[in-house]
Amino acid sequence: MNLTTELERLYEESGDPDEFGRSLLGFLDSLGRQIKEEEKESTTFVELLAEQLDRASTATLAAGAMHDLRSLLQVLIAHIDHSRHGLLGMAATASDPEKVSGVLRSIDELRLVAVTMANITRDGVAVQRGGGAGTVVDLPDLLKTTHRMHRRVSKGRLRLEDPPRTDVLAPRGALLRVLANLINNAIDVIPDGPDGRITISAWVATDDVFVQVADNGPGISPELQTKIFDLFFTTKTKGSGVGLPTCRRLVEGWGGKLQLQSIIGQGTRFTFGVPRA
């Protein structure tokens, strides 16, 4: 099978970036499972596949998909702004102004997510072109944006500790992608209701800043901890096994290291370093 030809076929047959993403993840998942079943040296082969995806023709495909997705997101943002303007006009005569205010807050949060996603795709294209690695990022602003984006989906179980007032040097979009992956993974495993807890924290250590996402979920066994960053490995029935390997690759791309600490019955902590600007 020619990997380049197959990926180009998937891209051409997909009607939009979202469909391409689903097709690509499905293709990688099935290929990974086939390799694990048929090849004794599956790890080496999968790693070579990941390298091809990162460095060969897929760079062009990924850049094209991200460009198209950014265009769609800009249309979505325009519709959100139009809806918000209409609601503001209704607020003055509404019989229940508080209800309108609540809808406005939801729209503002939706706009924040859409704008952030658009910026992530912009940064992703810049990285594919060889730029964007040295962006100065306001860490408190980034963490507060991340908290706002996930506040609703976490159902109030996400807490942000007061971050240090410092800038870091890394692609903003990559930082947001890493945090989103870690937070969403934690949301899937923490207890429902007020007992569930996810904490984002950060601290300065000489030339680096460390960021941590900690949860009080069931923890990860030592056996699984050795596999958790393997491409295609997942413990979820609907997981693709690409999230954590992608996080590790992004963190290493800006010169950091993604570390895992977990204790069964107590929870899990993912910590990564970012250079100070």
What heavy-atom pair brings Pro164 and Pro140 nearest, and what distance separates the two atoms? O-CG, 3.2 Å

Are Glu161 and Thr199 close enough, and set up right, to give a side chain to side chain contact (heavy atoms under 4.5 Å, CB included), and what steps lead you there? CA-CA 7 Å; Glu161 293 186 351; Thr199 303; 3.7 Å; yes

Phe272 and Leu250, any side-chain heavy atoms less than 4.5 Å apart: no

Residues pairing under side chain to side chain donor-acceptor pair (under 3.5 Å) where one sits in residues 207-218, two or more places apart or in two chains, turn out to be Gln212-Thr271

Heavy-atom distance under 4.5 Å between the side chains of Val204 and Arg276, does that happen here? yes

Please find the pair of heavy atoms, one from Pro245 and one from Asp230, that lie closest to each other, and give the distance. CG-O, 3.6 Å

Rounded distance (nearest 0.5 Å) linking atom CD1 of Ile220 with atom CG of Asn185: 8.5 Å

Check for a donor-acceptor pair, side chain of Asp195 on one end and backbone N or O of Pro191 on the other, with a separation under 3.5 Å. no

So, the side chain of Arg197 versus the backbone of Leu158: is there a donor-acceptor pair under 3.5 Å, distance only? no

dist His147:NE2 -> Ile183:CD1 (nearest 0.5 Å) comes out at 8.5 Å

With rounding to the nearest 0.5 Å, note down the distance linking CD in Gln266 to CD1 in Ile264. 10.0 Å

Passing option when Arg172 is tested against Asp138, Val136, Leu142 for side-chain contact (heavy atoms from CB on, under 4.5 Å): Leu142

Please lay out, stage by stage, how Arg159 and Ile198 fare under the test side chain to side chain contact (heavy atoms under 4.5 Å, CB included). CA-CA 6 Å; Arg159 183 171 67 94; Ile198 306 168; over 6 Å; no

Minimal heavy-atom distance between Gln225 and Ser262, with the atoms involved, is NE2-O, 3.3 Å

Sequence neighbours excluded, the answer for salt bridge (charged side-chain N to carboxylate O under 4.0 Å, His left out) partners of Asp192 is Arg157

Between Leu169 and Val137, does the side chain to side chain contact (heavy atoms under 4.5 Å, CB included) criterion hold? Intermediate values first, please. CA-CA 6 Å; Leu169 196 62; Val137 178; over 6 Å; no

Shortest non-hydrogen contact from Arg248 toward Leu258: N-CD2, 3.9 Å

Can you tell me how far OG1 of Thr145 sits from CG of Leu160, rounded to the nearest 0.5 angstrom? 10.5 Å

Using the ring of each side chain (for Trp, its six-membered ring), is Trp203 parallel, tilted or perpendicular to Phe210, with breaks at 30° and 60°? parallel

Nearest non-hydrogen partners of Gly273 and Val251, listed with the distance: O-CG1, 4.3 Å

Can we say Asp162 and Lys144 salt-bridge, meaning some charged N sits less than 4.0 Å from an Asp/Glu carboxylate O? no

How long is the straight-line distance from OG of Ser154 back to CG of Asn184, given to the nearest 0.5 Å? 9.5 Å

Path from Ile263 to Ile190 over hydrophobic side-chain contacts below 4.5 Å: no

I'd like to check Pro218 versus Val189 (side-chain heavy atoms, cut-off strictly below 4.5 Å). Are they in contact? yes

Provide the closest heavy-atom pair for Trp254 versus Val274 in the form atom of the first, atom of the second, distance. NE1-CA, 3.9 Å

Calculate, to the nearest 0.5 Å, the distance between atoms CG and CG belonging to Leu175 and Leu139 respectively. 8.0 Å

